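The block underneath contains the structure these notes are about, expressed in structure tokens.
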Amino acid sequence: MAPSFTDALAAGPLVLDGGLSNQLESAGHDLSDALWSARLLAEEPAAVVAAHRAYYEAGARVAITASYQATFEGFAARGIGAAEAAELLRRSVELAREAARQATAAGAEGPLYVAASAGPYGAMLADGSEYRGRYGMSVAALERFHRPRLEVLAAAGPDVLALETVPDADEARALLRAVRGLGVPAWLSFSAAGEHTRAGQPLADAFALASDVPEVIAVGVNCCTPEDADRAVAVAARASGKPVVVYPNSGESWDARARAWCGTPAFTADRVASWTTAGARLVGGCCRVGPDAVAALARQLAG
């Protein structure tokens with residue numbers, strides 16, 4: 001029997017996947033939609049399986065589901081009712097499981113795990129506010145938004161919940177309330193700018209929110225620059241007392257006017273040594289980090 005995710009984490013660092021959207025786009029799928037990759041859960045589920053499998057076969061031990069932007073409210077805006085929305089949320093976990101089965105059969109080293117993604121409230125708005133936070137909503141209202149989909153995702157049987165790209169300490173408070181009693185461990189990952197959340201709060205204070213929440217087994221950052229990730233790992237370990245999760249972007253920047261990425265990638269596998277020394281136990285990449293970079297990271301850890 002495979003060890004639980006918590007036991008595997010305790011045994012040593014685990015490699016996460018990279019950016020799901022860039023892998024889907026590189027395969028020719030158009031994600032210029034408010035639902036982003038979640039649209040493919042209904043329309044092209046085989047494409048989601050193939051993207052997850054590419055990361056597993058590159059050496060990732062954990063795949064993060066295509067549910068980041070999947071919410072009851074977002075689906076409703078597209079005319080998708082609550083029952084079908086719940087089925088699509090469950091499907092996100094099932095597709096990652098299928099990818100793990102296929103990758104294992106093809107010889108990928110395991111055991112392989114599934115993290116069910118839950119993005120911030122701003123991801124549903126699809127207006128960039130996920131990188132600002134401060135939505136003008138109370139913690140209680142944000143908890144009411146997050147809890148229903150977290151309940152559905154938890155019931156689908158993932159190994160862990162990925163509460164990711166959180167821009168705001170207030171939203172983190174809501175998420176920490178929302179995961180209580182679900183019976184599935186979770187990690188809490190902020191998007192950061194320097195030593196602050198995107199909403200401007202000190203990262204140390206934000207990380208500390210999870211220190212006494214037993215459901216949370218790792219705290220850290222994602223969807224930030226590699227340099228910001230470098231600074232955040234030790235802060236997360238010190239402030240939370242928990243293992244650290246870290247998966248930054250490539251380091252390129254998005255030019256909204258040109259609708260193109262620009263700059264030079266700064267994500268390199270040799271960063272992993274300093275991350276693990278500082279307390280990181282879940283390491284991977286986010287936007288624009290593909291299977292080749294994940295493979296290099298896995299080799300670096302193995303070495």
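No experiment lies behind these values; they were computed from the predicted model shown. Every heavy atom of this structure was used, including side-chain atoms; hydrogens, water molecules and symmetry mates were not.
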Handout entry: Residue pair Leu142, Arg173: steps toward the side-chain contact (heavy atoms from CB on, under 4.5 Å) verdict
Key = CA-CA 9 Å; Leu142 286 167; Arg173 290 185 178 91; over 6 Å; no

Euclidean distance, [Y] [atom2] relative to [X] [atom1], rounded to 0.5 Å:
X	Y	atom1	atom2	answer
Met137	Phe145	CE	CZ	7.5 Å
Gln23	His52	CD	NE2	11.0 Å
Ile64	Ser189	CD1	OG	8.5 Å
Ser117	Gln69	OG	CD	9.5 Å
Glu98	Arg53	CD	CZ	9.5 Å

Any donor-acceptor pair under 3.5 Å linking the side chain of [X] with the backbone of [Y]?
X	Y	result
Lys242	Val216	yes
Ser138	Ala141	yes
Asp205	Pro202	no
Asn249	Cys287	yes
Ser92	Ser67	no
Arg91	Leu41	yes
Arg61	Pro111	yes
Glu215	Gly181	yes
Arg281	Gly12	no
Asp17	Ala60	no

Does a side chain donor of either [X] or [Y] reach within less than 3.5 Å of an acceptor in the other side chain?
X	Y	result
Asp168	Gln201	yes
Glu164	Tyr247	yes
Tyr135	Glu171	yes
Ser4	Thr6	no

Given side chains that start at C-beta, do those of [X] and [Y] come closer than 4.5 Å, heavy atoms only?
X	Y	result
Val246	Asn222	no
Thr65	Leu89	no
Arg134	Pro167	no
Leu9	Tyr113	no
Pro248	Cys224	yes
Asp228	Pro226	no
Leu282	Phe5	yes
Pro120	Tyr131	no

Practice task
List the steps, then state whether side-chain contact (heavy atoms from CB on, under 4.5 Å) holds for Glu252 with Thr264.
Solution key: CA-CA 6 Å; Glu252 297 162 276; Thr264 303; over 6 Å; no

Considering all heavy atoms, the nearest [X]-[Y] contact:
X	Y	value
Val221	Ala229	CG2-CA, 4.0 Å
Val184	Pro158	CG1-O, 4.0 Å
Ala85	Phe75	CB-CD1, 3.6 Å
Phe72	Ala82	CE2-O, 3.4 Å
Ala239	Ala204	CB-O, 3.4 Å
Ala172	Leu188	CB-CD2, 4.2 Å

Handout entry: Residue Glu195 excluded, over 12 heavy atoms near CD under 6.0 Å
Key =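 Counting neighbours around CD of Glu195, 12 or fewer heavy atoms of other residues, nucleotides or ligands fall under 6.0 Å, so no.
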
Problem - Atom CD of Glu109: over 12 foreign heavy atoms under 6.0 Å - result: no

Exercise for the section: I would like to know whether Tyr68 and Thr165 meet side-chain contact (heavy atoms from CB on, under 4.5 Å); could you show each step before the answer? Expected result: CA-CA 9 Å; Tyr68 172 81; Thr165 326; 3.4 Å; yes

Under a single-linkage definition using a 4.5 Å side-chain heavy-atom cutoff for Ile, Leu, Val, Met, Phe, Trp and Tyr, are [X] and [Y] assigned to the same hydrophobic cluster?
X	Y	result
Val213	Val166	yes
Leu153	Leu88	no
Val49	Val62	no

Exercise for the section: Report the C-alpha distance between Arg101 and Glu94 in whole Å, list the side-chain angles of each, state the deciding distance to 0.1 Å, and finish with yes or no for salt bridge (Lys or Arg N to Asp or Glu O under 4.0 Å). Expected result: CA-CA 10 Å; Arg101 284 191 288 270; Glu94 294 165 1; over 6 Å; no

Practice task
With salt bridge (Lys or Arg N to Asp or Glu O under 4.0 Å) as the test, would you mind laying out the steps for Glu151 and Arg147 before giving the verdict?
Solution key: CA-CA 6 Å; Glu151 289 176 341; Arg147 178 76 185 197; 2.8 Å; yes

Practice task
Starting from the C-alpha separation in whole Å, work towards a yes-or-no answer on side-chain contact (heavy atoms from CB on, under 4.5 Å) for Val245 and Leu16.
Solution key: CA-CA 9 Å; Val245 55; Leu16 305 178; 3.8 Å; yes

Exercise for the section: Measure from the ring center of Phe190 to the ring center of Phe207 and say whether it is less than 6.0 Å. Expected result: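 They qualify: ring centres under 6.0 Å apart.
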
